[in-house]
Each structure stands twice: as C-alpha cells, then as structure tokens.
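First the structure, in the form of structure tokens, and then the observations on it.
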2 protein chains.
Amino acid sequence: MDVATLCLAVLAHGPASGYEIKKELEDGAYSHFFRASFGSIYPALARLAQEGFVTGREQEQAKRPDKKVYRLTPAGKRELSRRLQAPIGPDYIRSEFLLVLFHAELLPARHRRALIEERIRQLQACIAEMTGGGEAACNRYEGSGPAFVHGYGLAIYKAELDYLDSQRRFFDLPGANAA
Amino acid sequence: MDVATLCLAVLAHGPASGYEIKKELEDGAYSHFFRASFGSIYPALARLAQEGFVTGREQEQAKRPDKKVYRLTPAGKRELSRRLQAPIGPDYIRSEFLLVLFHAELLPARHRRALIEERIRQLQACIAEMTGGGEAACNRYEGSGPAFVHGYGLAIYKAELDYLDSQRRFFDLPGANAA
DNA sequence: CATATCATGTAAGTGGTTACATGATTGT
DNA sequence: ACAATCATGTAACCACTTACATGATATG
C-alpha cells in the first residue's frame with residue numbers, strides 16, 4: 001500500500017488539499033500507523049487526478065496562498081474499496097529505541113535511564129492527547145473503524161507504559177563499560 | 001540507523017555469516033523491531049570489513065557451500081557503542097492492518113471479521129513462541145537488554161490480543177455497501 | 001522428483017525522503 | 001526582527017528490495 005492509496009483513504013473522510021493531508025498524517029489519527037512527506041503526496045495526488053480517482057479544484061483564499069482541494073470521485077471511492085480489500089502485508093516496525101536497548105549492556109547506565117525516561121514522557125503525552133476530550137485531532141472521525149483503531153493504539157501505548165513502569169529496576173542495573 | 005549498524009549489533013552477540021545474520025533478522029529476536037534483506041546485508045558487511053570494523057574469514061564446510069564468518073574487531077565494538085549512543089529517531093510503524101480497519105465501514109463484514117481472526121491467530125502464535133521455553137530463537141540471548149526487549153514485545157502483543165478479545169462485538173457490526 | 005535449505009553476491013528497480021524554490025501572513 | 005504557518009511543486013538523492021546468477025545437498 002503506497003502513498004496514493006493513503007491519499008484516497010484520507011480523502012474518503014472529506015475533501016482536502018495536499019497540505020491538509022500531510023497535516024493529517026503528521027498530527028492526526030493516521031500518524032500512529034502511517035507516514036508520508038510532501039514529496040510523495042503531491043505527485044500521488046496529481047497522478048490520482050489524472051487517473052480520474054480524484055478531482056482537484058483550485059480554491060482562492062483571502063490572505064493565504066491558493067489551495068487545490070481534492071475530492072474523491074465515485075470511481076475513486078470504488079478504487080479505494082478495491083484496494084482496501086486486497087491482501088494486506090505484515091506490519092512494518094522499525095524501532096531504534098528497542099534496537100539500542102537490546103544492547104543495553106553496551107551503554108552507560110545514565111544513557112539507558114535517559115532513554116527510558118524520555119520514552120515514558122512521550123507515551124504519557126500521547127495517551128493524554130488521545131484520552132483527553134476536546135480539540136484532539138482524532139475526534140474529527142466518526143464511526144466504528146476509527147474508534148476501533150483509536151482503542152487499539154491506546155491499548156498498545158498503555159501496555160508499553162505499564163511495562164516500563166513495572167521495569168523501573170532495569171534503570172539501575174550496574175553501569176556498562178561504555179566507549 | 002542503517003543495515004550496517006544492525007550487522008554490527010548482531011555480530012556483538014557472536015560471529016556470524018551474512019546468511020546467519022539474515023536468519024536472525026527473519027526468525028530471531030530482532031525480527032520484532034527491525035528488518036533487512038540479503039541485498040543490503042552483504043554489501044554492508046563488505047563495507048564494514050573494508051572499514052576495519054569486522055573481519056571476514058572464509059570457512060570451508062563439508063557438504064555445504066563455504067561461508068564467510070564475520071566477527072567484530074575492537075574498533076568495531078567501539079564503533080557500535082558509539083552509534084548506539086547517537087540520538088535515536090522515532091519508531092517507524094506502518095500497519096496496513098490498521099489502515100484497512102480504520103476504514104472498516106467500507107468493507108464487507110465478513111472481510112473485517114477475517115482480518116481480525118487472522119490477526120488473533122498470528123498474535124497467539126507469536127505469544128506462544130515467545131512464551132514457550134525450549135528451542136525458541138530468543139533464548140539464545142542472555143543479559144538484561146534482550147530480556148527487557150523480549151518483555152516489552154510480549155507486553156505489546158498481549159495487549160493487542162486482549163484488546164481484540166474485548167472488541168469481539170466489532171466483528172458483527174452491520175455490513176458495508178462494498179464494491 | 002520437486003522443493004527447501006545452505007550460501008554469496010550483483011544489478012536493476014522502486015518508493016520513498018530531503019532539500020530547494022517561492023512567497024504572503026501571522027504570531028512572538 | 002525572526003520564526004512559524006500556510007501552500008505547491010520539483011529534482012536530486014538514497015537506502016533498501018526484488019530478481020537474477022550459481023550450485024550443492026537434504027527432505028518429503
């Protein structure tokens with residue numbers, strides 16, 4: 001599943017410009033399980049428009065640069081549905097955090113401690129943002145799918161935090177013979 | 001952190017050939033948080049040897065192709081330590097599973113159910129393999145680092161399974177108007 | 001008899017990212 | 001004044017994957 005499919009997916013929730021799609025992928029619900037940069041989003045949208053899966057309408061704005069608002073065509077919606085039903089690949093995970101801690105014995109104890117404390121802070125912030133009602137990004141989405149995925153992510157983050165909390169003793173293991 | 005660093009990391013646990021490193025990344029403990037293919041491992045090892053971070057010794061084998069066993073040099077160990085202490089990037093996650101389920105409403109109910117049941121099966125298998133004592137791959141590693149990471153992964157997988165179990169009602173939501 | 005495992009390596013292709021180019025507007 | 005936000009797009013680059021080339025041995 002490439003960036004084009006991702007764009008179709010985001011657009012299924014309503015029309016948006018390339019810039020808005022990027023923001024969604026950066027701060028919104030999608031950020032927890034996908035990623036893409038401008039350099040891949042803009043060409044993907046242009047291609048999708050050419051293929052007839054989206055239409056892009058130039059929209060002037062007062063005191064802002066013009067933006068090109070894309071929306072799904074009926075063909076685009078069918079295409080998205082088709083792509084979502086294709087066999088899925090396995091989750092791709094690449095965690096430098098876990099790679100480094102796998103070799104905790106090669107690190108100075110304080111460095112190990114700093115890594116874990118930073119991780120705890122990040123997880124707490126993330127959980128707070130996802131739990132706290134209000135203007136949180138994910139609130140924009142309605143329906144069982146987004147709610148299910150939201151709960152899924154939250155369950156994982158909570159489990160990570162709980163685990164780190166239960167492993168506080170790991171912080172204070174004898175220091176390493178560092179470089 | 002690139003494949004070269006990953007190779008240094010694997011070699012820190014003992015000498016290995018390119019083929020063995022790949023196996024480790026595919027079935028071993030590393031498989032849960034990193035990935036690499038032959039096409040990137042072999043050139044990385046050649047480069048590391050050229051830089052003096054590893055030495056490769058050709059080893060003949062009876063009834064098997066020769067293999068080139070690499071081992072970390074003292075400089076290589078220092079280099080690994082140095083690289084592990086560099087600032088780490090955020091976890092990179094790309095889950096087609098979550099992307100598809102985020103759009104559950106666009107899918108036929110049976111497809112949604114099949115995805116989740118498959119996921120449950122995978123998680124159960126994974127947890128069983130990690131929990132069950134015996135010849136499991138991760139048992140090769142000793143020390144607090146590997147144990148910590150093992151526990152971390154297990155905590156996540158268990159949380160995912162628990163969540164899916166708690167959401168069984170999600171399976172039977174009204175079907176979608178599929179393509 | 002076919003397929004899987006063991007074993008190394010290269011070349012072509014790909015799906016992205018980073019950096020660049022451009023520029024008004026708003027907040028600090 | 002300086003940085004951030006809004007906004008689009010291109011070009012150069014990069015790390016990695018897939019497929020190819022080669023071939024013996026073991027397994028079902």
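Here is how names work: the chains are called A, B, and so on, in the same order as the sequence lines, proteins then strands, and each is numbered from 1. The model shown is predicted, which means the values in this text are computed figures rather than measured ones.
Comparing P43(B) and K23(B) by the nucleotide of DNA chain C whose heavy atom lies nearest to each, the residue mapping closer to the 5' end is K23(B).
Counted by atom type alone, T5(A) and R83(A) present one or more donor-acceptor pairs between their side chains at under 3.5 Å.
Contacts of A36(A) with the nucleic acid, taken as non-hydrogen atoms under 4.0 Å apart, involve only primed sugar atoms and P, OP1 or OP2. In this structure, G18(B) reaches the sugar-phosphate backbone alone: every heavy-atom distance under 4.0 Å involves primed, P, OP1 or OP2 atoms, never a base.
Counting only distance, with no hydrogens or angles, the side chain of E20(A) and the backbone of S17(A) share a donor-acceptor pair below 3.5 Å.
Judged by the 6.0 Å distance and 45° axis criteria, R119(A) is positioned over the aromatic ring of F97(A).
Across dG9(D), dA7(D), dC16(D), the shortest atom-to-atom separation from the side chain of R94(A) is found for dC16(D). Among the nucleotides dG16(C), dT8(C), dT8(D), the one closest to the side chain of S17(B) is dT8(C). Comparing atom distances between the S40(B) side chain and each of dG9(D), dT17(D), dT8(C) picks out dT17(D) as nearest.
Following rounding to the nearest Å, E24(B) (CD) and dT5(C) (C1') show an atom-to-atom distance of 17 Å. A straight line from CG of L45(B) to P of dG9(C) spans 8 Å, rounded to a whole angstrom. Computed from coordinates, the K67(B) NZ to dA7(C) C1' distance equals 10 Å when rounded to whole Å. One can place OH of Y92(B) at 19 Å from P of dC14(D), the figure rounded to the nearest angstrom. Straight-line distance from the CZ atom of F38(A) to the P atom of dA11(D): 18 Å, rounded to whole Å. Atom-to-atom, CD1 of I41(B) to P of dT8(C) comes out at 10 Å; the value is rounded to the nearest Å. Taking atom OH of residue Y70(B) and atom P of nucleotide dA7(C), one finds them 14 Å apart after rounding to whole Å. Atom P of nucleotide dG9(C) and atom OH of Y19(B) are separated by 14 Å, given to the nearest angstrom.
Applying the side-chain hydrogen bond (donor to acceptor under 3.5 Å, both in side chains) rule to pairs touching residues 30-42 of chain B yields H103(A)-Y30(B), H13(B)-Y30(B), H32(B)-Y157(B), sequence neighbours excluded.
Counting heavy atoms from C-beta on, the side chains of E105(B) and P146(A) come closer than 4.5 Å.
Residue S37(A) places none of its side-chain N or O atoms closer than 4.0 Å to OP1 or OP2 of dG16(C). Using a 4.0 Å cut-off, some side-chain N or O of K68(A) falls inside it from OP1 or OP2 of dG9(D).
Ring-centre distance between F148(A) and F102(B): not below the 6.0 Å cut-off.
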Nucleotides 20-28 of chain D: protein proximity per nucleotide (B base, S sugar-phosphate only, - neither; heavy atom, under 4.0 Å): ---B-SS--
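In this structure, E26(B) does not pair ionically with K23(B), as no charged nitrogen and carboxylate oxygen lie closer than 4.0 Å.
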